[in-house]
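None of the values given here were measured: they were computed from a predicted structure.
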Amino acid sequence: MKKTIASFILLSLVSVLWSPVSAQDACTDNLGCVIVAEDEPIVIGAMLVQSGAVTYLGDDSLGGVELAIMDRNGELMGREIELVLEDSLCSAEGGQAAAQRLSADPTMIGAIGTNCSSAAQGAMPIISDAGMVMIAPSNTSPSLTNEDVASGGSHLPGYFRTSHNGLVEGMRNAEFAIHVLGTSKLATVHDGDPYTEGLARVVADTFAELGGEVVFEGAVNKGDTDMASILTEIAVYQPDIAYVPLFEPEVNFFAAQMQHIAGLEDTVIIGGGASFVAGFPENTGEAAIGIFVSGPLVTGEAYEQLLVRWEEEYGSSPPSGYHAHAYDATNLLLNAVETVAVAGDDGSLIIGRQAIRDAIAATENYPGLTGSLTCQEESPFAGDCAPGTALAMFEITEAEVYDDNWPPPVFWSFSENVSE
Amino acid sequence: MLHMFKWKTDEFSWVDFTIDVLRILIVLAIVVGSWNTLSEGRISFAQWVNLFIAGLSQGSIYALIALGYTLVYGILLMINFAHGEVFMAGAFSTVFLAEALNRTGFLNQSPVLAILLMILFAGLVSMTVAILLERIAYRPLRGSPRLVPLITAIGASFFLQYTFRGLYGSGFKAYPQVKILQGALQIGSINIPTVQIFVFVSALVLMFGLYWLVERSRIGKAMRAVSENKEVARLMGIDIDWVILFTFGVGGFLAGSAGVINGMFRPQGVNFFMGFIPGIKAFTAAVLGGIGNIPGAMLGGLFLGVIEAIGPNLVLAGLGIPGANQLKDVIAFTMLVLVLIFRPQGILGERLSEKKA
């Protein structure tokens, strides 16, 4: 009896040890491989905001990721797709912690996220070191795809994004202010986040290059509700444009309180993608009328179907404007897995980590919901997969404030007004 | 002045010396910054007055929330860090009532009645949350080391945040605008928005109501007795548990009311996380005024609101510090440090019974 038990244990041990070793042996990838044993799920992660003031951004992306998985019936290559969700907050520390937790799992292939650029800065070094990939649905900070550390770049291999680059958005916004609105004095306000700060910087630089005058560059804190102080300071300079790429709710407070400040009656607000949120006009009230907001321009039948499915699944409309980007990001990752996964002799799947990176980087003219996606390799756009022209300047009108219309009408399409 | 440094005494201490130097440096920075700003004359007198009044309004909100901290501290010597979430509970729940009142037109047809209804509703929601907190989370821990309820309060704060996120979602909501509060009172070149007058007056009424309750009513006398000495109060026939529950309820009601008043003043930004920062600011206000001291919490709130509104442009801009408005919190918390250095017991003094002191 003892012999039988000993033989059984020995055989079990050998079988357990033998199968992964043989699969690992078959791995020739220079970053190593993810071995998905037979009947085990394919594991991907999501590093999204799940707490704090911008949770809506995380919920928006999570819906996109889940719908992309559901569209494959939750399976890939006959395996279940398992999604591991980590809260990346909207800070570098949050991104770092989320990346640490995901990278500790040897079966983790890659992650969708982060939402905030600050979180991406914390997550990227860990994801890159682990040989994983991250595809961000709503990071837009120019520094994230810039490899030149001397100029503030922080890009590392393994980072991709389906959201647009703030460099493109910022330049177009400044062109819009100068050429379309015919303005000459600009004030910018950010909140210290790499996204808002980067965007404000690009707009200010481009505005000055185009002959405008940047009269004020200031900042508020995330969580500020009282904007009277900074608005009073801005009013001293009486700018034509206040460029305010802040998130909700700071942008709502800014816009609503600006109408009570003498000297800013004729100042026009331009907001960034962070305020391209369905609730922004209604939450801001009549002060939102006339505000320009640059944001993703996602159209087409497939996108309309996604919205219908969203309504069916979640019983509401998406809380922000980057769910389609999350949907596309998920598909890029899952398509890459499909492309590179090799079946092992023991029924396992062998997925090379470098191969995953290469497959995503090789994406060319992928027909996503957000447009035709092509991933770039050259800095300052390394890892940028978004079609840079899938952006537009929208004008908030009474229909958005009082009649729940969303999105607002396109005032100026970037794709039709591309400048070199 | 020299006696402060204790140069020639045997009691010379580097800690005292450093604190003295810090005092002088901070006062110097404030004087120089203010002088530079005022001599530049970039901001007009009317603008300063507007900032001051906006600060008073913001400070009124802080004060109403701070009263909840100070009441609980006065009676239990406990910092209820979930109090910001009690404020959120009332404000977030009532935004749906406000939307309904707005849709039916009642909000603008009978604005006074509608606002009173909202205040009552928010007050009751927050009061219920505060009472449940005390009954479920804090009462079982009464008598345990002070760190235990403090950690529990932080846990309760997260619990409440995510409960309300589950109930109402993670998106932002906004209070509808009340037409009667949209105008402004013009005094010379100074334009005072009506809503700011409403906020200040409403907060004053509530604060004086509380003061009357604590100082003049029978239950107030019981609260003061429990605050002074629980055991003696019990021997006098006072139901301690009831009084503590009542205190939480009153603090909760004030916080809920502050939620609606805040919604009239700053309609945007209503979500499950909205109580976090006002909670911290109100706690700061309570400490500034002297924790446990009701008039102190009122004064601390108003002081903090005004300092936040005026400080960045007056002091920091004058010192040539870039992004002065981003350092608004620095001003607020520097003031806290300053007050604690000069007067550790707060502006009006921490009110403690002899035994507690």
Side-chain angles (χ1 to χ4, degrees), chain A residues 49-60 189-192 217-237 247-257 260-263 277-288 314 316-320, chain B residues 42-44 46-48 50-51 53-55 57-58 61 99 158 161-162 165 169-177 182 184 189 191 193 195-196 262 265-274 276-278 280-281 305 308-314 317 322-331:
Chain A
V49 192
Q50 290 298 291
S51 56
V54 288
T55 305
Y56 67 89
L57 206 51
D59 289 348
D60 182 76
V189 179
H190 64 82
D191 63 7
E217 290 179 87
V220 295
N221 292 306
K222 282 182 181 176
D224 276 358
T225 58
D226 183 6
M227 302 291 170
S229 179
I230 192 163
L231 285 165
T232 303
E233 177 80 4
I234 295 172
V236 171
Y237 304 98
F247 289 92
E248 275 205 293
E250 291 83 14
V251 66
N252 311 90
F253 288 120
F254 189 95
Q257 290 169 39
H260 301 301
I261 303 292
V277 184
F280 170 67
E282 192 188 343
N283 290 342
T284 307
E286 65 172 356
Y314 305 110
S316 61
S317 53
S320 186
Chain B
R42 283 183 309 122
I43 295 175
S44 67
Q47 285 173 315
W48 284 120
N50 280 336
L51 281 175
I53 292 168
S57 306
Q58 184 64 58
I61 311 277
E99 281 177 353
F158 285 117
Q161 278 180 20
Y162 293 98
R165 178 192 162 185
S170 59
F172 285 94
K173 307 284 288 178
Y175 274 82
Q177 291 178 340
Q182 295 309 304
S189 60
N191 208 22
V195 69
Q196 295 184 8
N262 182 61
F265 180 42
R266 307 272 186 236
Q268 298 81 21
V270 180
N271 84 336
F272 72 96
F273 200 61
M274 68 177 291
F276 181 69
I277 289 176
I280 290 176
K281 295 282 176 69
E308 273 190 353
I310 288 182
N313 284 333
L314 184 66
N325 282 288
Q326 206 178 19
L327 301 173
K328 195 164 67 173
D329 291 345
V330 172
I331 285 274

Asks: Give the C-alpha distance, both sets of side-chain angles, the deciding distance and a yes or no for side-chain contact (heavy atoms from CB on, under 4.5 Å) between B:Lys328 and A:Asp226.
Replies: CA-CA 10 Å; B:Lys328 195 164 67 173; A:Asp226 183 6; 3.8 Å; yes

Asks: With rounding to the nearest 0.5 Å, note down the distance linking NZ in A:Lys222 to CD in B:Gln326.
Replies: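 Between A:Lys222 NZ and B:Gln326 CD, I get 10.5 Å after rounding to 0.5 Å.
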
Asks: Looking at A:Ala256, A:Ser51, A:Gly58, A:Pro319, which has the largest count of heavy-atom pairs under 4.5 Å with chain B?
Replies: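 Top count of heavy-atom pairs under 4.5 Å with chain B: A:Ser51.
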
Asks: Identify the two heavy atoms, one from B:Gln47 and one from A:Ala262, that lie closest to each other, and give their separation to 0.1 Å.
Replies: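 Closest heavy-atom pair between B:Gln47 and A:Ala262: NE2-O, 4.4 Å.
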
Asks: Which is it for A:Thr55 and B:Phe272 under the side-chain contact (heavy atoms from CB on, under 4.5 Å) test, yes or no, and what are the steps along the way?
Replies: CA-CA 10 Å; A:Thr55 305; B:Phe272 72 96; 3.3 Å; yes

Asks: Measure the spacing between CD of B:Gln268 and CZ of A:Phe280 and express it to the nearest 0.5 Å.
Replies: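 Going from the CD atom of B:Gln268 to the CZ atom of A:Phe280 covers 9.5 Å.
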
Asks: Any idea which of B:Tyr162, B:Phe276, B:Phe265 has the most non-hydrogen atom pairs under 4.5 angstrom with chain A?
Replies: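 The answer is B:Tyr162.
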
Asks: So for A:Ala235, is it side chain, backbone, both, or neither that comes closer than 4.5 Å to the heavy atoms of chain B?
Replies: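 Only the side chain of A:Ala235 comes within 4.5 Å of chain B.
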
Asks: Between A:Pro249 and B:Gly269, what is the shortest heavy-atom contact and its length?
Replies: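 Here A:Pro249 and B:Gly269 meet closest at CB-CA, 3.4 Å.
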
Asks: Just give me the residue among B:Asn313, B:Ile277, B:Asn191, B:Asp329 that pairs up with chain A most often, heavy atom to heavy atom, under 4.5 Å.
Replies: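 When all of B:Asn313, B:Ile277, B:Asn191, B:Asp329 are compared, B:Asn313 has the most.
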
Asks: Any chance you could measure B:Arg266, atom CZ, to A:Asp224, atom CG, to the nearest 0.5 Å?
Replies: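 Spacing of CZ (B:Arg266) from CG (A:Asp224) equals 10.5 Å.
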
Asks: Does A:Ala219 offer a backbone N or O that forms a donor-acceptor pair with the side chain of B:Asn325 under 3.5 Å?
Replies: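 Checked: no pair found.
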
Asks: Decide side-chain contact (heavy atoms from CB on, under 4.5 Å) for B:Ile43 and A:Thr232; before the verdict, give the C-alpha distance in whole Å, the side-chain angles of both, and the deciding distance to 0.1 Å.
Replies: CA-CA 8 Å; B:Ile43 295 175; A:Thr232 303; 4.1 Å; yes

Asks: If you count heavy-atom pairs under 4.5 Å with chain A, which of B:Lys173, B:Met274, B:Gln58, B:Gln177 comes out on top?
Replies: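 When all of B:Lys173, B:Met274, B:Gln58, B:Gln177 are compared, B:Lys173 has the most.
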
Asks: Any Lys/Arg nitrogen of B:Arg165 or A:Asp59 sitting under 4.0 Å from an Asp/Glu carboxylate oxygen of the other?
Replies: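 A salt bridge is present here (some side-chain N lies under 4.0 Å from a carboxylate O).
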
Asks: How long is the gap from CD on B:Gln196 to NE2 on A:His260, to the nearest 0.5 Å?
Replies: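 Spacing of CD (B:Gln196) from NE2 (A:His260) equals 8.0 Å.
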
Asks: Quick one: pull up CZ in A:Phe247 and CZ in B:Phe172 and give me the separation to the nearest 0.5 Å.
Replies: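 The CZ atom of A:Phe247 sits 10.5 Å away from the CZ atom of B:Phe172.
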
Asks: Against chain B, work out which of A:Asp60, A:Asn221, A:Val236 has the most heavy-atom pairs shorter than 4.5 Å and name it.
Replies: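 Highest number of heavy-atom pairs under 4.5 Å: A:Asn221.
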
Asks: Let's test your reading of the structure: which of A:Glu282, A:Glu217, A:Gln257 forms the most heavy-atom pairs below 4.5 Å with chain B?
Replies: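 So the answer, after comparing A:Glu282, A:Glu217, A:Gln257, is A:Gln257.
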
Asks: What is the distance from atom CD of A:Glu286 to atom CD of B:Gln182, rounded to the nearest 0.5 Å?
Replies: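 Separation between the atoms: 7.0 Å.
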
